[in-house]
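Below is one structure; the comments refer to it alone.
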Protein chains: 2
Amino acid sequence: MGTRAQQEIQRIVDRLAAAIVEHRLPPGTRLVESKLVEVLNANRNHVRAALQKLASEQKVVSIVPNRGAFVAQPTVEEARDVFEARILLERAIVGLAIRNLSARNRNRLQKQLEQETEAIRRHDRQEMIRESGNFHRVLAEIAGNQVLTDLLTGLITRTSLIIALYQETPEVKCSIEEHQALVDAILGGDAALATQLMDEHMATIQRYLLLDERPKTVDLQAALG
Amino acid sequence: MGTRAQQEIQRIVDRLAAAIVEHRLPPGTRLVESKLVEVLNANRNHVRAALQKLASEQKVVSIVPNRGAFVAQPTVEEARDVFEARILLERAIVGLAIRNLSARNRNRLQKQLEQETEAIRRHDRQEMIRESGNFHRVLAEIAGNQVLTDLLTGLITRTSLIIALYQETPEVKCSIEEHQALVDAILGGDAALATQLMDEHMATIQRYLLLDERPKTVDLQAALG
DNA sequence: CTTTTAAAAATTGTTAACAATTTGTTGGCA
DNA sequence: TGCCAACAAATTGTTAACAATTTTTAAAAG
């Protein structure tokens, strides 16, 4: 495909991923191709390609043959694996970021915290989700490893879907207070403290997940058995 | 797409990835769609989808609009980033694997080493490459985290392409001696030693890469400037 | 009123024809 | 010979029509 088609597919991927990440499309939602064509003002071939990509790359969509695409419902095991992998990457990124603290990068961290503050001030939940994800992405960019950034970006997306599916209450647990403490430790150059704070930050998020139980959706087996 | 088409695309992806990983398709090789259709006995649409996947997921193919697909030529920066990320994952995997040492898993490690020995005995270079990759995949599977396994699998593929492009001599540096030492440390439950051996193993591979210089292929700018 | 069956509609899956672009070749001409 | 234009071939990119499957609707039968 030419660049134009690829860009269009990416546009659709981004729109859908954003909607899933910001919990506007709950897990299990049916994604009918013709509706997406209408809503996104797109070509059906492109929509199909985008859905395939979301299914095979980020795994936030699952495709059932002859039945169509749905917002994915990751299993408890997958949720655990995603968190385990993410913590791993986040810890390493914190360490790398501390070694790359240029004036510009310090500034980026401050600016990012301001964005989050603004989102909270406006009580804009979707923007809060978006910005809390951006915080971790900025950290990865400061770490200066594009491969790590790409891997983490995928895990951030999946994490948000997992939260939609398993978190007991809908508040955004990826809090600015913990981000602020992290930034303080990073700017202070205290790698050990920063790493520990990142561990605790991830643990905080994980603590509110109901990973002992089944997915939130109706389990016919349990409900009728 | 239905399951059948997806399977067919995956078959093509696997065939192409194997050829690239085993250095049968050197970096920069042109991949003409019609030739692939012939050689792989496939449909052109499926070939195109497979090439797109290899480009956007594993990044071992690069697609130039209106010019076609080529075996990728990762930059020195990308090579460094891939290795940095891979070391990170491998270290963690070693630690996790030691905690999961069932009888079956001990056996899998032994069996894997036997496979590698056999490849060496037969002087089958392509099988040696394949099996040395399998060693790291088995380790990831023993670690018991499917997400980590998937991420590492992608990085192993990319690593092999990087070696094809940047290693000074063509021997397989991912050696069974170091694998054997690693297995000994793991079976002995010595996490600190095993992690250190993994570090050294990765360092050994990296040591033979010419990452100070340009890619091996002719650089017109440098050659004619 | 419930169940069954058949037809219609909606939705997904597949393909090959067509279009656009790049690459290669030939022949004229100074 | 060297250069250029026009044509031809090869290759990639795009699309819409067609096929297959599932879901819905409606009618008929018990």
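Protein chains get the first letters and strands the later ones, always in sequence-line order, with residue 1 at the start of each.
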Protein-nucleotide distance ([X], atom [atom1]; [N], atom [atom2]), rounded to Å:
X: A/Asn66; N: D/dT21; atom1: CG; atom2: P; result: 7 Å
X: B/His46; N: C/dG13; atom1: NE2; atom2: P; result: 12 Å
X: A/Phe70; N: D/dT22; atom1: CZ; atom2: C1'; result: 11 Å
X: B/Ile63; N: D/dG13; atom1: CD1; atom2: P; result: 7 Å
X: B/Glu8; N: C/dG13; atom1: CD; atom2: P; result: 17 Å
X: B/Asn43; N: C/dT14; atom1: CG; atom2: P; result: 10 Å
X: B/Arg4; N: C/dT15; atom1: CZ; atom2: C1'; result: 13 Å

Inset, instruction - Might you confirm whether atom CG of B/Asn107 has over 12 heavy atoms from other residues, nucleotides or ligands at distances under 6.0 Å? - result: yes
Inset, instruction - Anything under 30° is parallel, anything over 60° is perpendicular, the rest tilted; go ahead and classify B/Phe135 against B/His179. - result: parallel
Identify each atom pair where a protein N or O and an N or O of nucleotides 6-11 of chain C are less than 3.5 Å apart, giving names and distance.
{"unit_1": "C/dT11", "atom_1": "O3'", "unit_2": "A/Arg30", "atom_2": "NH2", "d": "3.2"}

Inset, instruction - Could you pull out the closest heavy-atom pair between A/Thr159 and A/Phe83, with the gap in Å? - result: CG2-CZ, 3.8 Å
Inset, instruction - Please name the pair of heavy atoms, one in A/Ala85 and one in B/Asn145, separated by the smallest distance, quoted to 0.1 Å. - result: N-ND2, 4.1 Å
Inset, instruction - Check whether any side-chain nitrogen or oxygen of A/Arg48 sits under 4.0 Å from OP1 or OP2 of C/dG13, and answer yes or no. - result: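 Checking C/dG13 against A/Arg48, a side-chain N or O does come within under 4.0 Å of OP1 or OP2.
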Inset, instruction - Would you mind classifying the nucleic acid contact of B/Asn45 as base, sugar-phosphate or nothing, using non-hydrogen atoms under 4.0 angstrom? - result: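 Since a base atom lies under 4.0 Å of B/Asn45, the category is base.
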Legend entry - Qualifying residue, where the test is salt bridge (charged side-chain N to carboxylate O under 4.0 Å, His left out) with B/Glu22 and the options are B/Arg130, B/Arg125, B/Arg15: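 Among B/Arg130, B/Arg125, B/Arg15, the one meeting salt bridge (charged side-chain N to carboxylate O under 4.0 Å, His left out) with B/Glu22 is B/Arg130.
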Inset, instruction - Would you check if there is a donor-acceptor pair between the side chains of B/Glu57 and A/Ser56 at a distance under 3.5 Å? - result: yes
